[in-house]
Enquirer: 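Structure provided below as structure tokens; questions to follow.
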Amino acid sequence: MKKGVNTADFFGIDHLLTEEELMVRDSVKNWVSKRFLPVINQHNRDATFPMNLVPELAELNVFGANIDGYGCPGLNNVAYGLIMQELERGDSGLRSFVSVQGALVMYPILAYGSEEQKNEFLPKLATAEMIGCFGLTEPDHGSDPGSMKTNAKRDGDNWILNGAKMWITNGSIAQIAIVWARDEEGVVRGFIVDTDSKGFSAPEMKGKYSLRASVTSELVLDDVVVPDSRRLPNVEGLKGPLGCLTQARYGISWGALGAAMACYDATVDYTKSRIQFDRPLASFQLVQGKLADMLTEIVKGQLMSLHLGRMKDDGTYNFAQVSMAKMNNVAIALDIARQARDMHGANGITDEYPVIRHMLNLETVKTYEGTHDIHRLIIGQAITGIPAFA
């Protein structure tokens with residue numbers, strides 16, 4: 001029997017990457033293999049996040065990796081995407097932790113904050129001395145942020161915030177929260193809220209079958225006083241939070257590929273070693289056809305995210321293109337994970353193999369930062385010029 005080709009880079013995509021991009025990818029990949037993968041199963045069982053590893057993540061410079069200055073490494077967006085890919089090859093919860101910190105907490109401070117806010121918060125967030133969370137989604141308004149009920153009333157030099165947010169990654173372990181609320185004129189504004197403020201609470205959400213190795217919370221704001229100096233001064237309206245989501249969705253387009261790669265690699269290994277009918281599963285036509293389909297979709301997703309990253313670095317991308325990449329890559333990753341689970345047979349439901357964990361995680365990834373159908377509508381509006389959300 002001939003030895004199969006190395007499919008880790010089937011299309012020679014490594015040749016399209018710079019030395020720095022390859023070095024960044026490989027350093028994160030090695031860390032995930034050595035430090036994270038040995039502990040993820042237990043954390044997944046216990047529904048805990050390995051906080052003891054956060055300082056090591058900070059040493060890898062993964063928080064706000066594509067931010068220039070303020071103690072951040074200033075990597076390009078392709079290198080940032082490769083970081084997300086390798087983190088999610090470990091687990092979606094790991095990538096979510098880093099993605100929220102960078103794209104949903106550090107980015108709005110960078111893009112919409114004052115110079116004083118940038119200098120105060122970004123260096124601490126980059127080193128994980130401070131953890132942040134992002135409060136947009138509400139209990140009754142997920143895909144419809146325009147119906148936001150959380151409100152902010154001006155009171156002299158302060159604002160009084162009331163409302164609730166839902167499905168907040170890192171909520172109960174964060175020191176600050178980026179909270180979006182409507183003022184008395186109906187204008188959406190962003191605030192940097194200290195989580196130890198009186199009236200602020202973040203009860204952790206329990207009973208998840210997905211993203212178990214990730215902290216998910218509610219945010220409850222009951223007459224929380226926020227100084228005007230903590231208002232993000234350079235943005236008004238939904239373009240603020242939606243701009244943050246575009247950044248996060250870009251990273252997810254890469255991250256989902258990492259989960260797909262983990263499932264694909266596990267399936268190649270399993271089908272080559274699993275003997276049925278006196279021959280390895282990998283020798284059967286149906287199995288080879290499925291493996292070929294899985295690899296083809298991964299390669300297509302890699303090329304899409306790579307080109308999107310180059311456009312992002314050039315400033316020539318748009319949010320609908322990001323929606324397409326997030327929508328496509330998460331969908332194919334979930335399909336690959338489901339196929340991998342099936343090809344592992346009964347073994348596919350145990351955590352001896354990574355596929356069921358990735359499959360369940362991807363069910364959440366397909367929902368958050370815009371559901372599959374919301375992204376279809378974003379693309380549809382870009383095609384026709386007609387919004388169809390209502």
Side-chain angles (χ1 to χ4, degrees), residues 4-11 13 25 28-29 32-33 36-41 43-45 81-96 99 208-214 251-274 280-282 284 286-305 325-368 372:
V5 300
N6 178 10
T7 59
D9 186 23
F10 192 73
F11 246 67
I13 293 174
R25 182 198 65 187
V28 176
K29 182 177 182 178
V32 168
S33 297
F36 183 78
L37 289 182
V39 302
I40 179 55
N41 276 353
H43 281 285
N44 194 64
R45 291 176 182 180
L82 290 166
I83 291 171
M84 297 298 109
Q85 172 185 287
E86 295 309 320
L87 292 174
E88 196 148 358
R89 193 194 291 260
D91 190 80
S92 298
L94 179 63
R95 197 267 311 142
S96 292
S99 178
K208 296 181 298 177
Y209 283 93
S210 177
L211 280 183
R212 288 180 57 77
S214 177
I252 292 170
S253 80
W254 283 92
L257 294 175
M261 291 171 184
C263 292
Y264 167 78
D265 289 340
T267 307
V268 171
D269 291 342
Y270 183 82
T271 57
K272 289 172 72 174
S273 62
R274 177 73 169 177
L281 285 176
F284 291 95
L286 281 174
V287 171
Q288 291 192 10
K290 292 174 182 178
L291 292 174
D293 290 344
M294 294 161 79
L295 180 58
T296 300
E297 292 304 320
I298 289 172
V299 169
K300 288 157 63 178
Q302 287 177 300
L303 291 170
M304 177 182 284
S305 284
K326 191 273 185 180
M327 177 191 74
N328 178 80
N329 290 0
V330 176
I332 66 103
L334 182 55
D335 287 343
I336 287 169
R338 289 170 175 166
Q339 190 74 270
R341 210 291 316 150
D342 181 71
M343 293 170 72
H344 278 71
N347 288 321
I349 69 165
T350 73
D351 64 9
E352 180 181 355
Y353 303 91
V355 292
I356 189 67
R357 176 169 52 81
H358 283 297
M359 188 189 87
L360 292 173
N361 284 342
L362 286 165
E363 291 287 356
T364 292
V365 180
K366 190 178 182 183
T367 300
Y368 71 18
H372 186 87

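By convention here, the first residue in the shown sequence is residue 1. Keep in mind that this is a model prediction, so the values were computed, not measured.
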Enquirer: Does any part of the side chain of L37, heavy atoms only, come nearer than 4.5 Å to the side chain of V32, both counted from C-beta?
Expert: yes
Enquirer: With sequence neighbours left out, write down each residue that passes side chain to side chain donor-acceptor pair (under 3.5 Å) with R25, or none if nothing qualifies.
Expert: D14
Enquirer: Can you check side-chain contact (heavy atoms from CB on, under 4.5 Å) on K29 and L82, steps first, answer last?
Expert: CA-CA 9 Å; K29 182 177 182 178; L82 290 166; over 6 Å; no
Enquirer: Please examine the side chains of N44 and D351, heavy atoms only from C-beta on, and report whether any two atoms are closer than 4.5 Å.
Expert: no
Enquirer: Enter the distance from M359:CE to D335:CG here, rounded to the nearest 0.5 Å.
Expert: 11.5 Å
Enquirer: Can you measure from CE (M261) to CG (L295) and round to the nearest 0.5 angstrom?
Expert: 9.5 Å
Enquirer: Just by modelled atom types, is the S210 backbone N or O under 3.5 Å from a matching donor or acceptor in the N361 side chain?
Expert: no
Enquirer: I'd like to know if the side chain of S253 pairs up with that of S305 as donor and acceptor (distance under 3.5 Å, no hydrogens or angles considered).
Expert: yes
Enquirer: Distance check, rounded to the nearest 0.5 Å: N329 atom CG versus L362 atom CG?
Expert: 11.0 Å
Enquirer: How close do I13 and D9 get, counting heavy atoms only, and between which atoms?
Expert: N-OD1, 2.7 Å
Enquirer: If every non-hydrogen atom of R341 is compared with every non-hydrogen atom of I356, which pair is closest and at what distance?
Expert: CG-CD1, 3.9 Å
Enquirer: Check whether more than 12 heavy atoms from other residues, nucleotides or ligands sit under 6.0 Å from atom CD1 of I349, and answer yes or no.
Expert: no
Enquirer: Got D342 and K290 here, is their nearest side-chain heavy-atom distance under 4.5 Å?
Expert: yes
Enquirer: Between atom CD1 of I298 and atom CG of D293, what is the distance when rounded to the nearest 0.5 Å?
Expert: 11.0 Å
Enquirer: By ring-ring contact (aromatic ring centres under 6.0 Å, His included), which residues pair with F36, not counting sequence neighbours?
Expert: none
Enquirer: Any idea which heavy atoms bring A260 and I336 closest together, and the distance?
Expert: O-CG2, 3.8 Å
Enquirer: State the CD1-CE distance between I332 and M327, to the nearest 0.5 angstrom.
Expert: 11.5 Å
Enquirer: Measure the spacing between CG of D269 and OH of Y264 and express it to the nearest 0.5 Å.
Expert: 9.5 Å
Enquirer: Y270: which residues meet the ring-ring contact (aromatic ring centres under 6.0 Å, His included) condition with it, sequence neighbours left out?
Expert: H344, Y353
Enquirer: Listed by chain and number, what are the side chain to side chain contact (heavy atoms under 4.5 Å, CB included) partners of T271, not counting sequence neighbours?
Expert: T267, L281, A282, V287, L291, M343
Enquirer: Identify, with sequence neighbours excluded, every residue that meets salt bridge (charged side-chain N to carboxylate O under 4.0 Å, His left out) alongside R338.
Expert: E363
Enquirer: For a quick test of reading the model, state the closest non-hydrogen atom pair linking A340 to V355 and the distance between them.
Expert: CB-CG1, 3.7 Å
Enquirer: If you look at every heavy atom in W254 and G81, which pair is closest and at what distance?
Expert: CB-O, 3.1 Å
Enquirer: Quick one: closest heavy-atom pair of H358 and A259, and the distance?
Expert: ND1-CB, 3.6 Å
Enquirer: Taking side chain as C-beta onward, heavy atoms only, is F10 less than 4.5 Å from T296?
Expert: no
Enquirer: Have a look at S92 and tell me which of R95, E88, R89 forms a side-chain hydrogen bond (donor to acceptor under 3.5 Å, both in side chains) with it.
Expert: E88
Enquirer: Return the set of residues passing salt bridge (charged side-chain N to carboxylate O under 4.0 Å, His left out) with R357 (not counting sequence neighbours), or none when no residue passes.
Expert: D91
